[in-house]
There are 2 protein chains.
Amino acid sequence: MLDPASIDALKKSHLFSGYAARDMAEISRFAKLVYLESHAVLFRESEPCSAIYCLVEGLVKLCLYGPKRQEKIVEIIGPDQTFGEAAMFSGQGYPVSAVAIEDSRLIAVDAFSFMRYLRQRPELNWTMMAMLSRRMHQLVGQVKSMSLHNAEQKVAKYLMDYYDDDFPTRPVSNLPPRRADLAAVLGITAETLCRVIANFRQRGWITTLDNAIVVSSPVDMRGLIMDVRQPGESSNRRKDVAVPSVDHLPAAG
Amino acid sequence: MLDPASIDALKKSHLFSGYAARDMAEISRFAKLVYLESHAVLFRESEPCSAIYCLVEGLVKLCLYGPKRQEKIVEIIGPDQTFGEAAMFSGQGYPVSAVAIEDSRLIAVDAFSFMRYLRQRPELNWTMMAMLSRRMHQLVGQVKSMSLHNAEQKVAKYLMDYYDDDFPTRPVSNLPPRRADLAAVLGITAETLCRVIANFRQRGWITTLDNAIVVSSPVDMRGLIMDVRQPGESSNRRKDVAVPSVDHLPAAG
DNA sequence: GAAATACGTTGATCTAGATCAAGGGCCATT
DNA sequence: AATGGCCCTTGATCTAGATCAACGTATTTC
């Protein structure tokens, strides 16, 4: 059972924002508050999904661990974001681990009860679908970044994803609190990240102050991502890479 | 408008298998057949989603291209599989490109009409949700494999994912038709893949015949993925274990 | 205030895997 | 039978980024 303030907090999330008051009242009956200290583990990869979560306050990372304990952060969850929905539907357990990186307060919505409720009200699934689709896109973006970009491009891509063209002098928002976290998000080491940032600073493309980073040459950054090179410079031409041909385009309408 | 045989083909897919006859009749009204020659492009990354597809016959790759045209295959679609659903809901366009790697026959279901129909029948969304969730899991698995495994582990993981414990002597199923495709799936070069396979063969962990691969030591393969090492042994030094050579190989060709 | 701890930074190596290059088997076409 | 195209395979290098190591600067602990 949830207090009114927490119900309001839930409603601030994208997933629940469209829900009617009576839906929220019902859902609050099988939701509860959870407190996590920094570094505390909320759930681990492959654990069965007992609840989906909405972060109210603090910061949580969703991550994967390799055989040698290397960490890959799949996503950093901030306040008003929900997570765990996909696991609820797939019935395959959580695909990632969730670990607090700041002291956090969360709302846990019991998965079984929530599923039962959704079965009664299938219209509510529209926001859920949108949620899952958006997350899939983001995940595909990660796959792309991991497999097709080098370290500089990864950093540039990340910074430009959070860069706001309307406020060029504003520091990039939502940066992870520690450099090591950003490195784990990008799938590179902290040392490499540090060197890349130093390079960008030397070239005058960014300026830094503590954790904050201000992009001062978005054009160059974007150029780097798209791998534009000076004319005349021979780009590594490989003939054997597959390039989809332009013809044969089907009339898919 | 679809002929009865094609409607049957649609129903063989996981997405439509639970649909009632009258739903299928309705859907067939805004579905049509599409034929692709090998190498033909069905759609490209970021193109708006006009339809979702069900492959009836042939083989299609979903892939991403880097700034230098490097290819990363996100998934290889076989008969009776559907794709494009996520793009339909996200409203962000297709996250990947789709290219035929064999002459293919597909059914295209118009996205707009299908969405409209789903709005009338929200219960139908349950299979859709399951679909999306499963695909998300798979994608997270890819992220993990890309960021936390080395080349040998990637290959081993792939082979064991398609290995059937009940039929140990059966070749790994669903292997891509060409080695280069498998390499693009794993995010390594064809040369590296070739060397890894040669190593596995020398160690007696697999046997090969043409494209087919039979895993003969699943225990070792699984051990490699989990990075088990002999106690007391330093991780870096390459150990030159005398592997008893398995000489009953059918000369591969 | 000294010591310990945690991070960020920089430099020096090392290495897994990419890249480059050269055959070789197989099939289709002539 | 010869030719050419397409892959697969193997060998020889090259290199981006990991790893190892040392140091600086805060911040916390006693």
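Each chain gets a letter, A, B and so on, in the order the sequences are listed, and its residues count up from 1.
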Nearest-neighbour nucleotide for the B/Cys194 side chain, D/dT9, C/dA16, C/dA18 considered | D/dT9
So, B/Lys154 side chain and B/Ser145 main chain: donor-acceptor pair closer than 3.5 Å or not?
-> no
Separation of A/Leu148 atom CG from C/dA18 atom P, in whole Å?
-> 12 Å
Between C/dT9 (P) and A/Asn199 (CG): distance, integer Å = 13 Å
Between D/dA26 atom P and A/Arg179 atom CZ, what is the distance in whole Å?
-> 16 Å
With respect to the side chain of B/Glu191, which nucleotide from C/dT10, D/dT10, C/dG8 is positioned closest?
-> D/dT10
Does a nitrogen or oxygen in the side chain of B/Thr189 sit under 4.0 Å from OP1 or OP2 of C/dA18?
-> yes
Apply the side-chain contact (heavy atoms from CB on, under 4.5 Å) test between B/Val172 and each candidate in B/Asp161, B/Asp164, B/Ile206, B/Val215; give the one that qualifies.
-> B/Val215
Lys/Arg cation over aromatic B/Tyr65: B/Arg69, 6.0 Å, 45° cone | yes
Rounded distance (Å) that lies between atom C1' of C/dT5 and atom NE2 of A/His39 = 13 Å
Under 4.0 angstrom, heavy atoms only, what part of the nucleic acid is B/Arg195 near: base, sugar-phosphate, or nothing?
-> base
Round to the nearest Å and state the distance from B/Asp181 atom CG to D/dC6 atom C1'.
-> 13 Å
For the side chain of A/Ala151, starting at C-beta, report the closest nucleotide among C/dT9, D/dG17, C/dC7.
-> D/dG17
Output for pair (A/Tyr35 OH, A/Ser104 OG), nearest 0.5 Å, gives 12.0 Å
Over how many whole Å does the gap from B/Leu182 atom CG to D/dC7 atom C1' extend?
-> 14 Å
Rounded interatomic separation in angstrom, taking CD1 from A/Ile188 and P from D/dT19 | 13 Å
Whole-Å distance separating the CD atom of A/Gln70 from the P atom of C/dA16 = 14 Å
Describe the nucleic acid contact of A/Ala190 in one word from base, sugar-phosphate, nothing, applying a heavy-atom distance below 4.0 Å.
-> nothing
Minimum heavy-atom distance between A/Gln153 and A/Leu148, given as atom pair plus value = OE1-O, 4.1 Å
